Every structure is written in C-alpha cells, then in structure tokens.
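Have a look at the structure below before the remarks.
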Amino acid sequence: MARGKFITVEGGDGVGKSTNIRFLSELIEARGFAVQLTREPGGTPLAERIRTLLLEHGEEPLPDTAELLLFFAARALNLNNRIKPALAAGDWVVCDRFTDASRAYQGAGRGLDQDKIEILAEWVHGDLQPELTILLDAPPSVGFDRAEKRGSADRLESEQASFYKRVRAGYLALAAAEPARFAVIDASGELAGVQRQISSAMDRLFADNQN
Ligand code: TYD
C-alpha cells in the first residue's frame with residue numbers, strides 16, 4: 001500500500017486555519033484518499049495535556065527554552081503515536097501546525113537560536129518532512145480582529161503586535177527558502193479566493209499522486 005502524504009497548515013493566529021483545514025480534508029477525500037486531521041501542540045491524549053500547559057496562563061513564568069522543549073515533546077508524541085502509524089497505513093495526514101511553527105514562533109518570535117531548533121527537529125523527526133506546507137499569510141491585524149471575535153486570549157495570543165510581525169516575517173522567510181515545499185496563500189481576502197488558491201496548490205500535489 002502506498003504511504004500517505006503529510007500536509008501541514010501554518011500561519012499566524014486567527015488566519016482561518018480551522019475553516020481551511022476542513023476544506024482541505026474534503027478535497028483530499030473527494031480524490032478517494034482517507035485523511036486524518038491532527039494538530040500541534042496536541043493530537044494524542046498526552047500531547048493534548050502538554051497543549052493545556054502551553055496555552056494556559058500558568059502559575060509561574062514559562063522560560064522560552066521550556067516552551068520550545070514542550071512543543072517538541074508534544075510533537076514527538078504526535079509523530080510516533082499518531083502521524084507515522086497513519087501514514088504507514090496509507091492515510092493522508094493534515095496537521096494544524098508543525099515544526100515551522102516552532103521556527104516562526106520560538107525562533108523568529110522569541111529569538112531562540114535557529115540552529116538549536118534544527119537540532120531538535122532533526123532529533124524528533126529526522127527526514128520526515130511535510131510534502132506540502134500551506135502557509136496562510138495575512139498581516140497580524142487581520143488575525144487580531146478575527147481572534148478578538150473568538151473571546152479571551154490564550155497565553156500566546158496575549159503577545160504584542162511586534163511579536164506577531166516577527167512571526168509572520170519568519171514564516172515568509174521559511175517559505176522563500178523552501179519554495180518547493182511551501183504554498184503561500186494570501187489569507188487576508190475573501191474565503192472563496194483563499195480556497196481557490198488552496199485548491200490549486202492541492203491540484204499540483206494530486207497530479208503527482210494519481211490514484
Ligand atoms: P493553534 O492551535 O494553531 O492556535 P490557533 O488556532 O489559535 O492559531 O496553536 C496554538 C498556539 O501555539 C499558537 O499561538 C501557535 C503556538 N505554537 C508555537 O508557538 N510553536 C509551535 O511549535 C506550535 C506547534 C504552536
């Protein structure tokens with residue numbers, strides 16, 4: 001049986017990842033592939049508990065290094081217990097955020113050493129890279145407005161605008177460095193236009209994976 005494809009979806013907070021991930025999974029199913037949705041941090045029971053630790057306003061400061069290591073600990077759980085078995089069974093996997101989020105948020109946003117992040121990436125997932133990474137790109141103000149409508153901000157959503165500017169620039173730099181893996185989607189406009197762009201990125205992937 002053919003191994004499934006691994007697709008990740010990235011972007012700043014409030015760019016419409018959830019809606020577009022549902023759309024993406026429908027596109028994959030319509031082509032006759034089984035798809036599993038997962039998210040980071042999270043995706044397995046234990047990793048979801050780490051997610052709670054990361055997003056709550058906890059009782060003590062969370063040092064940047066502890067934050068980074070918790071994201072990678074959650075990733076190791078999701079990869080070994082969920083993503084790899086699904087791909088081996090032939091399912092496609094769509095993951096809401098992956099290592100690019102650590103590069104953009106902890107690297108570009110917090111200023112942690114990118115080389116150290118790459119050491120963790122190599123350690124945790126080695127040569128397992130996403131086949132396609134959809135980057136939903138929008139100015140931070142778009143995300144702020146949408147996130148505000150959803151109610152109270154979690155620990156990461158409480159960061160300053162300057163942090164989100166660095167995160168966005170970090171993502172765009174990653175996409176520029178790996179244009180074959182990334183599809184950069186302008187997520188600031190209407191949903192129909194965003195989904196047209198996602199469909200054409202997926203058409204290219206399907207063309208390489210005829211049933
Ligand atoms: P997510 O569930 O995608 O939040 P939202 O749907 O609100 O965009 O991600 C949770 C938060 O964790 C988000 O603020 C991004 C952050 N994050 C990192 O900082 N580093 C990481 O490696 C990952 C996976 C997420």
Side-chain angles (χ1 to χ4, degrees), residues 5-25 27-28 37-41 68 71-72 75 78-79 83 92-122 124-144 146-147 156-157 159 161-191 193-209:
K5 297 285 161 197
F6 182 35
I7 298 166
T8 59
V9 180
E10 300 279 358
D13 289 62
V15 291
K17 278 189 295 99
S18 311
T19 309
N20 287 306
I21 284 172
R22 276 196 299 277
F23 174 71
L24 188 56
S25 70
L27 289 179
I28 297 169
L37 303 184
T38 183
R39 67 172 180 182
E40 295 207 349
L68 176 71
F71 277 118
F72 270 99
R75 182 161 300 133
N78 196 20
L79 259 174
I83 296 174
W92 288 37
V93 174
V94 176
C95 195
D96 181 342
R97 299 194 186 281
F98 193 61
T99 300
D100 295 311
S102 300
R103 296 178 174 118
Y105 281 75
Q106 282 66 52
R110 301 262 189 248
L112 289 179
D113 183 354
Q114 293 285 3
D115 291 343
K116 293 206 173 93
I117 296 175
E118 290 315 315
I119 291 169
L120 291 174
E122 169 61 28
V124 169
H125 56 92
D127 55 4
L128 183 91
Q129 297 294 340
E131 256 90 11
L132 171 69
T133 298
I134 295 198
L135 173 57
L136 297 170
D137 177 60
S141 56
V142 171
F144 283 147
R146 292 180 188 162
L156 278 133
E157 286 167 347
E159 283 297 333
S162 55
F163 175 82
Y164 280 101
K165 280 195 188 136
R166 291 196 298 278
V167 169
R168 183 189 188 198
Y171 270 131
L172 290 172
L174 291 168
E178 279 188 79
R181 173 164 71 87
F182 275 87
V184 182
I185 309 284
D186 176 1
S188 59
E190 280 190 4
L191 188 59
V194 172
Q195 296 190 334
R196 264 196 305 278
Q197 296 175 68
I198 293 175
S199 290
S200 59
M202 290 304 290
D203 283 344
R204 287 195 292 278
L205 191 63
F206 292 133
D208 299 337
N209 294 279

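In this chain, residues are counted from 1 in sequence order. Every heavy atom of this structure was used, including side-chain atoms; hydrogens, water molecules and symmetry mates were not. Bear in mind that the values here come from a model prediction, so they are computed numbers and not experimental data.
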Practice prompt. Would you sort out whether Val194 and Ile185 count as a side-chain contact (heavy atoms from CB on, under 4.5 Å), showing the intermediate values?
Written response: CA-CA 7 Å; Val194 172; Ile185 309 284; 3.9 Å; yes

Worksheet, complete the sentence: Correct closest heavy-atom pair for Ala138 and Ala187 would be CB-C, 4.2 Å

Discussion item. Nearest 0.5 angstrom please: Glu10 CD to Tyr105 OH, how far?
Written reply: 8.5 Å

Practice prompt. Dump the intermediate steps for side-chain contact (heavy atoms from CB on, under 4.5 Å) on Leu205 and Met202, then the final yes or no.
Written response: CA-CA 5 Å; Leu205 191 63; Met202 290 304 290; 4.3 Å; yes

Response to the item:
Value for CG (Asp186) from CD (Gln197), rounded to nearest 0.5 Å, stands at 5.5 Å

Discussion item. Please give me the minimum heavy-atom distance between Gly109 and Val167, naming the atom from each residue.
Written reply: CA-CG2, 4.1 Å

Worksheet item: Ile117 and Gln106: which non-hydrogen atoms are nearest, and at how many Å?
Response: CD1-C, 4.2 Å

Worksheet item: Residues two or more places apart in sequence or in another chain: which of them pass salt bridge (Lys or Arg N to Asp or Glu O under 4.0 Å) with Asp203?
Response: Arg31

Listing, residues 128-136 side-chain donor-acceptor contacts under 3.5 Å, not counting sequence neighbours, or none:
from   : atom 1 : to     : atom 2 : distance (Å)
Glu131 : OE1    : Phe6   : N      : 2.9
Thr133 : OG1    : Thr8   : OG1    : 2.9
Thr133 : OG1    : Arg181 : NH1    : 2.7

Practice prompt. Could you check Phe71 against Glu40 for side-chain contact (heavy atoms from CB on, under 4.5 Å), going step by step and ending with a plain yes or no?
Written response: CA-CA 8 Å; Phe71 277 118; Glu40 295 207 349; over 6 Å; no

Fill in: Leu174 to Phe182 - nearest heavy-atom pair and separation
O-CE1, 3.7 Å

Worksheet item: If every non-hydrogen atom of Leu120 is compared with every non-hydrogen atom of Phe72, which pair is closest and at what distance?
Response: CD1-CD1, 3.7 Å

Worksheet item: Do Val9 and Asp96 touch side chain to side chain, with heavy atoms closer than 4.5 Å?
Response: no

Worksheet item: What is the distance from atom CZ of Phe163 to atom CG of Asp13, rounded to the nearest 0.5 Å?
Response: 8.5 Å

Worksheet item: Roughly how far, to the nearest 0.5 Å, is OG1 of Thr99 from CG of Leu79?
Response: 7.5 Å

Worksheet item: For the residue pair Phe98 and Ile83, what are the closest heavy atoms and their distance?
Response: CE1-CD1, 4.5 Å

Practice prompt. Find the distance between CG (Leu191) and CD1 (Ile198) and round it off to the nearest 0.5 Å.
Written response: 8.0 Å

Worksheet item: Does any non-hydrogen side-chain atom of Asn78 lie less than 4.5 Å from one of Cys95?
Response: yes

Worksheet item: Is there a donor-acceptor pair closer than 3.5 Å between any side-chain N or O of Arg97 and the backbone N or O of Pro41?
Response: no

Item to complete: Please round to the nearest 0.5 Å and tell me the distance separating atom OH of Tyr171 and atom CZ of Arg103.
Response: 10.5 Å

Worksheet item: side-chain contact (heavy atoms from CB on, under 4.5 Å) between Ser25 and Trp92: does it pass, once the steps are laid out?
Response: CA-CA 9 Å; Ser25 70; Trp92 288 37; over 6 Å; no

Practice prompt. For the pair Glu159 (side chain) and Tyr164 (backbone), establish whether a donor and an acceptor sit closer than 3.5 Å, ignoring hydrogens and angles.
Written response: no

Item to complete: Apply side-chain hydrogen bond (donor to acceptor under 3.5 Å, both in side chains) to Arg168 and list each qualifying residue two or more places apart in sequence or on a separate chain.
Response: Asp137

